[in-house]
Protein chains: 2
Amino acid sequence: MMPKYLQIYQQLVDRIQNGTLPAETKLPSETELMHEFDASRGTVRKAIDALQDKGFVRKHQGKGVFVLSQDAIAFQFNGIVSFSEAHRQMGQHDVTTDVLSCEVIEATTELAHLFHVTPGTPITQVKRVRTIDGERVIFDINLFVSSLVPGLTKEIATESIYQYIEQTLGRQISYAKRKIEAQPATEEDRKYLDLEGTSHVIVITNDTYYYEGQHFERTESRHRLDKFQFTDIARR
Amino acid sequence: MMPKYLQIYQQLVDRIQNGTLPAETKLPSETELMHEFDASRGTVRKAIDALQDKGFVRKHQGKGVFVLSQDAIAFQFNGIVSFSEAHRQMGQHDVTTDVLSCEVIEATTELAHLFHVTPGTPITQVKRVRTIDGERVIFDINLFVSSLVPGLTKEIATESIYQYIEQTLGRQISYAKRKIEAQPATEEDRKYLDLEGTSHVIVITNDTYYYEGQHFERTESRHRLDKFQFTDIARR
DNA sequence: GCTCATTTGTCCGTATGTATT
DNA sequence: GAATACATACGGACAAATGAG
């Protein structure tokens, strides 16, 4: 049973997304929502606070709660949004993923230090290439602490690994640190990507942590310069 | 008068930052905090929720509230953290800012469309170069809708423009959209930056909006490839 | 496996303050 | 000034998760 405040939240999100509550319009007041959902004021307020946290509305003391324009929300698919990810959602491009390798290696001292495990600990390494409209433009290297992501197979790596972790393993992801920088292309980059003469690649290093604080993954995502784009929205 | 829940929040932040409440330790329970601060449970909970939102603690039903390690917080300087910004805070580098120009231009049809104003509207344009350890590595172009940021001078541009907006003008910034991508270096890039033969620059386009929703600024920050780094933390 | 105390999560009702119209 | 709407604060009750015994 979902908490009541989340049910109210969800129904309001639905109304915003299906156009019942278009941008700029005022939400019903807290008192009206109390009666409509037969809830206390605190419960209604919690739902509205969640809406504001997610960027759907903005509250103004004395005036009311107003729906924000959708483009800001659409912009807000946070997480890493590369050229491919952004356009895959639009359905405009032909994107394929090839798993080059999926094997268990032993943690080097460097990896052991990174993940806070002992050297020799099994690490699952996945290398993938993403092809967009016939050009190989993204080269991904995933490293997982094997014991923290059991049962990972090549088939799963082709689909969404995060979906596997959250739904099949039932573990909750807490936060991810990201770093974006440019690096000179390596031999491996040149081997697996269609670099077309560019000397550098954009590297996104992503470290992901479970709710309990365990660092279970590092992913290096290496993008061809001209096919890279990252968008983000920062709220105060 | 600061609200009580923010006072409690602030005191707890202080304890975390000065080491009274080190990482991994458990906060006093809600009941204990109620007595200590002579507040109701709801007020104490609001303070703790704020702590969790800012990434200081993590709540666990049935267990308690635990202080998170500081490195995740230190990492969490949101906003754009380029090579220079990150290292200026460390005080390790010699960073200077030169204002190349600061003038009022008329909005082209393109700019008018971007800011939702009529063509010809005054736009304040500031061009700056950031020099780090003697190398010119960042070229910034700021565009402000003049009427929304009145009184902007060359002197202010040398210091922090955001500080001027929030403190002197007393306006609140709501959110910023960011885009990061690579572009071929322009002639202007080559003129103002020490590119050392690199063909591309990293461009960060930043659009900033006031609380009321007005789009008042676009900044293009053009970085030399090898001196660029962006870090970020994404929480679920 | 079960009970029990502890701790956080949800929900309700009420009162008062502050900003806007 | 009055009415409306959100902000803060208090109190009480029960549910759900955790850990100790």
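Here is how names work: the chains are called A, B, and so on, in the same order as the sequence lines, proteins then strands, and each is numbered from 1. Any value given below was found using the heavy atoms of this structure, including those in side chains, with hydrogens, waters and symmetry copies removed.
Close to C:dC12, at under 4.0 Å from its OP1 or OP2, lies a side-chain N or O of A:Thr43. A sub-4.0 Å separation between OP1 or OP2 of C:dC12 and a side-chain N or O of A:Arg41 is absent. Look at A:Tyr5 and you'll find a side-chain N or O under 4.0 angstrom from OP1 or OP2 of C:dT10. In terms of phosphate contacts, A:Lys63 brings no side-chain nitrogen or oxygen within less than 4.0 Å of OP1 or OP2 of C:dA19.
For the pair A:Gln7 CD and C:dG9 P, the computed distance is 19 Å after rounding to whole Å. Distance, B:Lys26 NZ to C:dT7 P: 6 Å, rounded to whole Å. In this structure, A:Met1 atom CE and C:dG9 atom C1' are separated by 15 Å, rounded to whole Å. Atom CD1 in B:Ile48 sits about 14 Å away from atom P in C:dT10, given to the nearest Å. Following rounding to the nearest Å, A:Ile8 (CD1) and C:dT10 (C1') show an atom-to-atom distance of 12 Å. In this entry the distance linking CG of B:Leu6 with C1' of C:dG17 reads 15 Å, nearest Å. Atom-to-atom, CZ of B:Arg45 to P of C:dT7 comes out at 14 Å; the value is rounded to the nearest Å.
The footprint of chain B on DNA chain D, defined by a heavy-atom cutoff below 4.0 Å, extends from D:dT8 to D:dG19.
Counting distance only, with no hydrogens placed and no angle test, the side-chain atoms of B:Gln61 and the base atoms of C:dT7 include no donor-acceptor pair under 3.5 Å.
For the pair A:Thr121 and A:Phe115, the minimum side-chain heavy-atom distance is 4.5 Å or more.
You'll find that the side chain of A:Lys4 is closest to C:dC12, out of C:dT10, C:dT18, C:dC12. In this structure, of C:dT10, C:dT7, C:dA15, it is C:dT7 that holds the atom nearest to the side chain of B:Ser29.
Checking A:Thr208 against A:Asn206 by side-chain atom types alone, a donor-acceptor pair falls below 3.5 Å.
Contacts of B:Gly42 with the nucleic acid, taken as non-hydrogen atoms under 4.0 Å apart, are absent. Note on B:Asp38: only backbone sugar-phosphate atoms sit closer than 4.0 angstrom, heavy atoms only; bases stay farther off.
One finds a salt bridge joining B:Lys179 and B:Glu181 here, because a Lys/Arg side-chain nitrogen approaches an Asp/Glu carboxylate oxygen to under 4.0 Å. Salt-bridge check for A:Lys177 with A:Asp207: failed, with every basic side-chain N at 4.0 Å or more from each acidic carboxylate O. In summary, B:Arg58 and B:Glu24 do not engage in a salt bridge, as defined by a charged side-chain N under 4.0 Å from a carboxylate O.
Across the interface with DNA chain C, nearest-nucleotide mapping of A:Met34 and B:Leu27 shows B:Leu27 to be the residue nearer the 5′ end.
For the atom pair A:Ile202 CD1 and A:Ile138 CD1, the distance stands at 12.0 Å (nearest 0.5 Å).
Using cut-offs of 30° and 60° on the angle between ring planes, the pair A:His215 and A:Tyr209 is parallel.
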